[in-house]
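Residue numbers start from 1 in every chain, and the chains themselves are labelled A, B, ... in the order their sequence lines are given, proteins ahead of strands.
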There are 4 protein chains.
Amino acid sequence: MANKTAPDSSRRSERSRRAILDASLALVGEVGYDKLTIEGIASRAGVGKQTIYRWWPSKAAVLLDAFTAGVDEDYAQGLPDTGDLTADLKSVLHATVDEFNDPAFQAPYRALAVAGANDEELSRTFVSRLIEPGIRVYADRLRAAQESGEVAADADLRVAAEMLLSPFSQRWLMRTGELTYDFVDTLVDLVMRALRPGSESV
Amino acid sequence: MANKTAPDSSRRSERSRRAILDASLALVGEVGYDKLTIEGIASRAGVGKQTIYRWWPSKAAVLLDAFTAGVDEDYAQGLPDTGDLTADLKSVLHATVDEFNDPAFQAPYRALAVAGANDEELSRTFVSRLIEPGIRVYADRLRAAQESGEVAADADLRVAAEMLLSPFSQRWLMRTGELTYDFVDTLVDLVMRALRPGSESV
Amino acid sequence: MANKTAPDSSRRSERSRRAILDASLALVGEVGYDKLTIEGIASRAGVGKQTIYRWWPSKAAVLLDAFTAGVDEDYAQGLPDTGDLTADLKSVLHATVDEFNDPAFQAPYRALAVAGANDEELSRTFVSRLIEPGIRVYADRLRAAQESGEVAADADLRVAAEMLLSPFSQRWLMRTGELTYDFVDTLVDLVMRALRPGSESV
Amino acid sequence: MANKTAPDSSRRSERSRRAILDASLALVGEVGYDKLTIEGIASRAGVGKQTIYRWWPSKAAVLLDAFTAGVDEDYAQGLPDTGDLTADLKSVLHATVDEFNDPAFQAPYRALAVAGANDEELSRTFVSRLIEPGIRVYADRLRAAQESGEVAADADLRVAAEMLLSPFSQRWLMRTGELTYDFVDTLVDLVMRALRPGSESV
DNA sequence: TGGTAAACGAGACGGTACGTCGAGTCTTGAT
DNA sequence: ATCAAGACTCGACGTACCGTCTCGTTTACCA
């Protein structure tokens, strides 16, 4: 299947791998995604270009690895559950507002979102590693609330989670609006109205 | 502000302008945004590269002009109002599902969304010319419904419109899910629950 | 022969003509021949490009006109004739040494010599307007000396004049040696030996 | 002095070097110096432009290398010495007349002469690699003749050599006259008169 | 413990596209 | 009709990176 003999990953230099990942993150923050080059990464990392090409298919893939390296475990413990769904959602989303307003976080994440739009393969990984887990932890928290009767039994929780998250990420990605606590509060309140038991469709 | 003496737009060649815009759209459909080049556009349009650089700052700006040329009037007549908000929303969104599933439409739109993420200036134009008007016509329709008592008086209609549109465009842009009639129906139903009179927050 | 209708030279703007010629000389001194451009001349002269193209076929032709404008009459009065050929030649060549060592003179003259080498048409004009007259005044002075018996009767005076002038201009053009009074004195002395009466070939 | 880190010449591709040199000579013969372009050379040689820019500073430098590649050894054996100076000079110059009247030779040589006039750095190399050795072999032959008493003891042989060569190359370069056997014969005869023993200046 | 094969740093290579400059042509108003 | 101005098509410039390809030079396993 592979036309080139695959490299022997057991002999891979961990030192180079880390240097490349670090250089990528540093550079994307400094010059932006468009001006991020393989040559630049190699030179900053003190590494031969071939070492990058040997292990990654594109600069987007490098960046994706660099970015997801420290993020995977964030979703592990799920959302808090104090028994008050509205309060839990607001508190988590307030934290997320702060995170997405942090410039250091923006550059690589935005770059990946973008790169994914034009690279379907990359997109799959990006979605399954970063976006999908995010949606899922929200859907899971909603399910818990549903089971405790806090949420209407017939609500489509996946779509509900998207109603919560997409307006948020859309505002951020496309700069269609400010990301404020007020905004997410309004959003949560509206969604909660839709999910309230007794609001079932006729 | 301008470092170069601005060109005299009264002497601009309409013929060249159209050729460039047409070539851009054709090419982005054929080769995609990443492989779209200024040289390619110029050559296809039978135009000197300088003529492109004289009037546009980047390939993204060309594409934005090309794309918005025929779209501006789409929002002019607003959304239909048959008196049944749910039905109106579903019918419009069904049409939009079809539009966004059309490959000819996808390439340039996706490209612009992407280009905007990394170019703040371009992003503003993209949002104000394409996205903002879209949100606005939905918000307007909701307002009409609110005035007729079909929607709760205290609902934030702008955020409600985003709850309707963002999950949709997010699925499309990031490929986080299928765009189907079912999906938008579920979406509309959920949002309508949130907006139903009598659902006001306590 | 001309495919375009020739411009009507009676309506030509003398003001523009002078401005173009002046700008050419000024610019060639400032930036050198290679970086001399038609656009630069036009802009400096406050003139449309077309006005230059209308009246001259190339930048070299402009420069040739500019340069020869004030030079033609230099050759009119011929070489001095005090009766002492050797002294006359040395005194004139000393003056020429000074002239050719003047930087203001070098740039355009060198440029024309060069342009001529690759443009046969221009070359003809350059030679017939500038070089040929120079050789001729020397040959004429030699002829006078021959008639007065100061020079051998059988000497080829045209070639003798070239023996005097070519080593000089060669040194200057190709930078093969310094242009000094000593050098031209040596040159004159050697040539005079060849021309001395009684040196006729056997 | 060098602002860019110099390339590692030990890794230079001999194949590319030869292809570039060959293409340069071929093209200058076909299109002339002015229309000779780096892009043209690169494309003809099947080479990236950067490979030319990496090793040469200008098209003139490429051409100089190309031209001198096969010429250096021409001067190695010096001029013939049959004991008859006049005959030796005439026979060599006759050969040179033929060489300079050969169109294949003219284009690059003329181009270099010209390029040198406007590029002092190039000029030095051109002179020291091609012109100076030429003058020197003539001066050497004259010295041999001087030592054997065929030439006056006090004559400046360097200037004498220039008297022989400069009128020749001047005629060729500036097209001030025909290059014929007759011309060089006359030239040699005149110079020989100047050098004849007993012609010493008083 | 020394030999050898892979990965490595470095960077030259053939290419493509960049954004700029100037050439020479063409069009528009003003004189 | 010529002029100043400058937009146009075209071609080349010199630069930046691409992804591929040698080069020695580590490095780590295995004989």
Side-chain angles (χ1 to χ4, degrees), chain A residues 4-5 7-13 15-17 19 35-43 45-55 57-59, chain B residues 4-5 7-13 15-16 35-40 42-43 45-55 57-59, chain C residues 4-5 7-13 15-16 19 35-43 45-55 57-59, chain D residues 4-13 15-17 19 35-40 42-43 45-55 57-59:
Chain A
K4 295 277 174 177
T5 51
D8 176 350
S9 57
S10 73
R11 310 191 53 152
R12 183 169 185 181
S13 159
R15 207 179 155 289
S16 298
R17 201 189 124 266
K35 290 187 183 159
L36 179 68
T37 64
I38 299 277
E39 294 206 332
I41 297 170
S43 145
V47 136
K49 282 199 289 178
Q50 203 56 251
T51 302
I52 299 182
Y53 284 111
R54 183 151 35 227
W55 302 109
S58 67
K59 68 174 178 176
Chain B
K4 296 277 176 177
T5 51
D8 177 350
S9 55
S10 74
R11 307 190 50 177
R12 184 168 186 181
S13 159
R15 209 180 154 289
S16 297
K35 291 189 182 155
L36 179 67
T37 64
I38 299 277
E39 292 206 333
S43 143
V47 136
K49 278 200 288 178
Q50 205 60 23
T51 300
I52 300 181
Y53 284 111
R54 182 152 36 230
W55 303 108
S58 67
K59 68 174 179 177
Chain C
K4 295 278 173 176
T5 50
D8 177 352
S9 58
S10 74
R11 310 193 52 152
R12 182 170 189 182
S13 158
R15 207 179 154 290
S16 297
K35 291 186 183 159
L36 180 69
T37 65
I38 298 278
E39 294 206 332
I41 296 171
S43 145
V47 136
K49 282 201 288 178
Q50 202 55 251
T51 302
I52 299 181
Y53 284 112
R54 187 153 32 229
W55 302 109
S58 67
K59 69 174 178 177
Chain D
K4 296 278 175 177
T5 50
D8 177 349
S9 56
S10 75
R11 306 189 48 180
R12 184 168 186 181
S13 160
R15 209 180 153 288
S16 297
R17 202 189 122 266
K35 291 187 183 159
L36 179 68
T37 65
I38 299 276
E39 292 205 334
S43 143
V47 138
K49 279 201 288 179
Q50 205 59 17
T51 301
I52 300 182
Y53 285 112
R54 183 150 37 228
W55 302 109
S58 67
K59 69 174 178 177

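In this structure, Gly40(D) reaches neither bases nor backbone, as no heavy-atom distance under 4.0 Å exists between it and the strands shown. Residue-level contact check: Arg12(C) touches the backbone only, with heavy atoms under 4.0 Å from sugar-phosphate atoms and none from bases.
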Write down the protein N/O and nucleotide N/O pairs, taken from nucleotides 29-31 of chain F, whose separation is under 3.5 Å; answer none if there are no such pairs.
none

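One interatomic measurement links the two molecules: CD of Gln50(A) to P of dA12(E), which rounds to 15 Å at whole-angstrom precision. Distance, Glu39(B) CD to dA12(F) C1': 11 Å, rounded to whole Å. Atoms CD1 (Ile41(A)) and P (dA16(F)) sit 18 Å apart, rounded to a whole Å. Across the protein-nucleic acid pair, Tyr53(A) atom OH and dG19(F) atom C1' stand 5 Å apart, rounded to whole Å. One can place NZ of Lys35(B) at 20 Å from P of dC17(F), the figure rounded to the nearest angstrom. For Arg17(A) and dT27(F), the CZ to C1' distance is 19 Å, given to the nearest whole Å. Rounded to an integer number of Å, the gap from Trp55(B) CH2 to dG19(E) C1' is 18 Å. Distance Arg54(A) CZ to dC8(E) C1': 6 Å, rounded to the nearest Å.
Of the residues near DNA chain F, Val47(B) and Thr37(D), the one whose nearest nucleotide (by heavy atom distance) lies more toward the 5' end is Val47(B). Where Lys59(A) and Arg15(C) meet DNA chain F, the nucleotide closest to each residue was compared, and Arg15(C) sits on the side nearer the 5' end. Both Ser9(A) and Ser13(D) lie near DNA chain E, and the one whose nearest nucleotide falls closer to the 5' end is Ser9(A).
Figure legend: cation-pi geometry between Arg12(C) and Trp55(C), with NZ or CZ positioned under 6.0 Å from the six-membered ring centre and within 45° of its axis.
Shortest non-hydrogen contact noted between Ala19(A) and Ala45(A) is O-CB, 3.5 Å. Closest approach of Ile38(B) to Ser58(B), counting heavy atoms only: CD1-C, 4.5 Å. Taking each heavy atom of Thr37(B) and Gly40(B) in turn, the nearest pair found is OG1-N, 2.8 Å. Nearest heavy-atom pair, Ser16(A) versus Thr51(A), reported as atom, atom and distance to 0.1 Å: CB-CG2, 4.3 Å.
For the side chain to side chain donor-acceptor pair (under 3.5 Å) test, residues two or more places apart in sequence or in another chain that qualify with Lys49(D) are Glu39(D). Legend: residues meeting side chain to side chain donor-acceptor pair (under 3.5 Å) with Ser9(B), ordered by chain and number and at least two apart, are absent.
Between dG14(E) and Thr51(D), a contact under 4.0 Å exists linking OP1 or OP2 to a side-chain N or O. Contact annotation: Ser16(B) side-chain N/O to dA7(F) OP1/OP2 distance is not under 4.0 Å.
Closest to the side chain of Ile38(C), from the set dG24(E), dC3(F), dA7(F), is dG24(E).
Remark: the Lys49(D) side chain and the dG14(F) base include a donor-acceptor N/O pair separated by less than 3.5 Å.
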